[in-house]
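Quick notes on the structure that follows.
Every chain is numbered from 1 and lettered A, B, ... according to where its sequence line falls, protein lines coming before strand lines.
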Protein chains: 2
Amino acid sequence: MSHTLGVRQAQKQKTRQALLDAALRLLEEQSLSSLGLREVTRAVGVAPTAFYRHFRSTADLGVALVEEALGSLHPMIRTTVSTADDSGERIVRAVELIARHVEAYPAHVRFIARERHGGVQPVREAIREQLVRFAREVKDELAKDPQAQGWSDDDLLMLAHLYVDQMLITASLFLEALDAPREERERVTQVATRQLRLISVGRRHWLD
Amino acid sequence: MSHTLGVRQAQKQKTRQALLDAALRLLEEQSLSSLGLREVTRAVGVAPTAFYRHFRSTADLGVALVEEALGSLHPMIRTTVSTADDSGERIVRAVELIARHVEAYPAHVRFIARERHGGVQPVREAIREQLVRFAREVKDELAKDPQAQGWSDDDLLMLAHLYVDQMLITASLFLEALDAPREERERVTQVATRQLRLISVGRRHWLD
DNA sequence: CCATGCAGTTAACAACTGTTCTCTGGAATT
DNA sequence: AATTCCAGAGAACAGTTGTTAACTGCATGG
C-alpha cells in the first residue's frame, strides 16, 4: 500500500519542508505579509527561483503553514475535551496541555496567533476554517456530556467557540511568558485555570 | 489656557494626521511590518523625507496609531461596565455599543486586532499596555458592584481580563461581518450576547 | 524688519524585491 | 541504453525600499 516515494520526490519534499521551517523561523520577528520569497530561499541556501517549484507565493506557503500548525491538532483537542472526569481536574489538565504544546511548538502558536487577524486574506481564511472545525468538534464532545441535556445546538456551539477562543488566548499568554521566570508562567496558569473554571460554572447554571 | 497653536505647528499636525490616516487606510490590506514609509508618504502626496519630521520609523507611527485607536476609549469602557441596571439589558447594551464602535471605526479595530499579536514589538507592547489599563479600569468598576462582595482582587482582575478579551473577540467578529447580510450580523450579536451572559452566570455563582 | 528655525523638497545611493527566461544534471520511464 | 521529465541554478529585468545630504521658502521670535 504505502509506496516509499522515489529519491526524486523525497528530495523535493525535503527542500519543501526546509522552506517551511525557514519561513516559520523568520516569522518569529515579522508577519507573513512582509515575508519575502528571496528571504526564505536565502535562509535555506537555495536559488530564489526554486521557491516556485513548491509554492505560488508566500501567501500560499502561509496556507501550508496553517495546515502544518493546526492540521495535526484535532485528535488532541477531541481527547482533551472528552476526558471523562468532571471535576476541576479536567480543566487543570487542559491548561497544562496547552502549556506543553506552546513549549513544544512556540513558533507554530505564534504564527497562528499572528496571522489569525493578519494581512493575508487566504491565510486568515484557512485559520478561520480550522478554528470552526475545532469548535464543531468541541461541540460534538460537549454534546455527549450528560451536562448538555436541555441545551440547544446553537448554545452548545456558542460555548464551544468560547472554549476555542479561550484556548487561543491562553496559548498566546503562555507564549508571551515563555522566557519569563517560572512564577510568571504559574500566574498565567492560575488565571487561565480560573477563567475556564468560571466558564464551567456558568455552563453548570446556564439552564436556570 | 488652551493656546491656539500657530500656523506653523497647525500645518505640521495636519500632515502628521494625514500620514496617520493614510497609514491606517493602507493597513486594511496588510500588516504594519510590511508597511513602507514611502508608501505612506506617496499616499499623502508628500516627499518621503518629510516622514522623518514626524516619526522615526513606521513602528513609531504604529505606536501613535495605538494611542489614536485606544487612547480615547477609556471613558466609554468605564461607563459601559458601570451602567447600573443589573439585568441582561446591560449586556445587550454593551454588545450594541461594540457593534456601533466597529461600524464607526472599522480601520482602528482592524489595526488593533491585527497588530496585537503582530510582528512589531513596540506596537504589541503599546497595545498590551492599553489592554492592561482597560482591564484594571473594568476591575475597578466591577469592584463597586455589590455582586463583587467576597471576591478577591485577583479574581476580579481575572474576570476583568476575560471581559476585555471577550470584547476584542466580539469586535473582531463584527468586523468580519461588516459587509455581510444583516442576518449574519444579528447572528454575531446573538452569539456574543449569550457568551457574555454565560460569563455573567458564572460570575453570579462563582462563590459556591 | 530682520535673523533664525524648521516643515517639506530634491536628488542620489546601494540594497533589495518578485518574476521572466534559459539552462543543466540526474532521476524516472520506457 | 536511450529518452523524457523536472527540481533547482543562473542571469538579468524593472521597480521598489530606507536613508543621507544639501536645499528652499516661509512662519516665528527678537
Problem - Atom pair distance, as rounded to whole Å: CD in B:Q11 and C1' in C:dT9 - result: 15 Å
Practice task
Give the rounded distance in Å between these two atoms: NZ of B:K14 and C1' of D:dA27.
Solution key: 15 Å
Handout entry: Rounded distance (nearest 0.5 Å) linking atom CG of B:L24 with atom CG of B:L19
Key = 12.5 Å
Problem - Nearest-0.5 Å distance that lies between atom CD1 in B:I169 and atom CG in A:L162 - result: 7.5 Å
Polar atoms only, N or O, under 3.5 Å: list the protein pairs with nucleotides 17-21 of chain D and their distances.
unit_1: D:dT17; atom_1: OP1; unit_2: B:R42; atom_2: NH2; d: 3.1
unit_1: D:dT17; atom_1: OP2; unit_2: B:R42; atom_2: NH2; d: 2.5
unit_1: D:dG18; atom_1: OP1; unit_2: B:L37; atom_2: N; d: 2.7
unit_1: D:dG18; atom_1: OP2; unit_2: B:L37; atom_2: N; d: 3.3
unit_1: D:dG18; atom_1: OP2; unit_2: B:R38; atom_2: N; d: 3.0
unit_1: D:dG18; atom_1: N7; unit_2: B:R38; atom_2: NH1; d: 2.5
unit_1: D:dG18; atom_1: O6; unit_2: B:R38; atom_2: NH1; d: 2.9
unit_1: D:dT19; atom_1: OP2; unit_2: B:Y52; atom_2: OH; d: 2.7
unit_1: D:dT19; atom_1: O5'; unit_2: B:Y52; atom_2: OH; d: 3.3
unit_1: D:dT19; atom_1: O4; unit_2: B:R38; atom_2: NH1; d: 3.3

Minimum-distance nucleotide (side-chain atoms of [X] versus [options]):
X     : options              : value
A:K12 : C:dG8, C:dT10, D:dA7 : D:dA7
A:R53 : C:dT9, C:dG8, D:dG8  : D:dG8
A:H54 : C:dT9, C:dG8, D:dG8  : D:dG8

What pairs of nitrogen or oxygen atoms, one from the protein and one from nucleotides 27-30 of chain C, lie under 3.5 Å apart?
unit_1: C:dA27; atom_1: N3; unit_2: A:R8; atom_2: NH1; d: 3.4
unit_1: C:dA28; atom_1: OP1; unit_2: A:V7; atom_2: N; d: 2.9
unit_1: C:dA28; atom_1: OP1; unit_2: A:R8; atom_2: N; d: 3.1

Handout entry: Under the 3.5 Å Watson-Crick or G-U criterion, the dot-bracket string of DNA chain D, with | for inter-strand pairs
Key = ||.|||||||||.||||.||||||||||||
Handout entry: Residue pairs passing the salt bridge (charged side-chain N to carboxylate O under 4.0 Å, His left out) test where at least one lies in residues 41-50 of chain A, sequence neighbours excluded
Key = none
Fill in the blank from the handout: So salt bridge (charged side-chain N to carboxylate O under 4.0 Å, His left out) across residues 178-195 of chain A, not counting sequence neighbours, yields A:R182-A:E186, A:E184-A:R187, A:R194-B:D155
Handout entry: Residues A:Q130 and A:H74: side-chain donor-acceptor under 3.5 angstrom
Key = yes
Apply salt bridge (charged side-chain N to carboxylate O under 4.0 Å, His left out) to [X] and list each qualifying residue two or more places apart in sequence or on a separate chain.
X      : result
A:R25  : none
B:R133 : B:E137
A:K14  : none

Problem - Sequence neighbours excluded, every pair satisfying side-chain hydrogen bond (donor to acceptor under 3.5 Å, both in side chains) that has a member inside residues 56-65 of chain A - result: none
Practice task
Considering non-hydrogen atoms only, spot the tightest contact between B:A177 and B:V188 and give its length.
Solution key: CB-CG2, 4.2 Å
Problem - Those residues of residues 16-26 of chain B lying under 4.0 Å from DNA chain C by at least one heavy atom - result: none
Problem - Any residue meeting side-chain hydrogen bond (donor to acceptor under 3.5 Å, both in side chains) with A:Q166, in chain and number order, not counting sequence neighbours - result: A:Q195
Acceptor/donor pairs from residues 31-39 of chain A side chains to any protein atom, 3.5 angstrom cut, sequence neighbours excluded:
unit_1: A:S31; atom_1: OG; unit_2: B:S31; atom_2: OG; d: 3.2
unit_1: A:S31; atom_1: OG; unit_2: B:S33; atom_2: OG; d: 2.7
unit_1: A:S33; atom_1: OG; unit_2: B:S31; atom_2: N; d: 3.3
unit_1: A:S33; atom_1: OG; unit_2: B:S31; atom_2: OG; d: 2.7
unit_1: A:S33; atom_1: OG; unit_2: B:S34; atom_2: OG; d: 2.9
unit_1: A:S34; atom_1: OG; unit_2: A:Q30; atom_2: OE1; d: 3.0
unit_1: A:S34; atom_1: OG; unit_2: A:S31; atom_2: O; d: 2.9
unit_1: A:S34; atom_1: OG; unit_2: B:S33; atom_2: OG; d: 2.9
unit_1: A:E39; atom_1: OE1; unit_2: A:G36; atom_2: N; d: 3.0
unit_1: A:E39; atom_1: OE2; unit_2: A:Q30; atom_2: NE2; d: 2.7

Practice task
Among A:R78, A:R90, A:R136, find the one that has a salt bridge (charged side-chain N to carboxylate O under 4.0 Å, His left out) with A:E141.
Solution key: A:R78
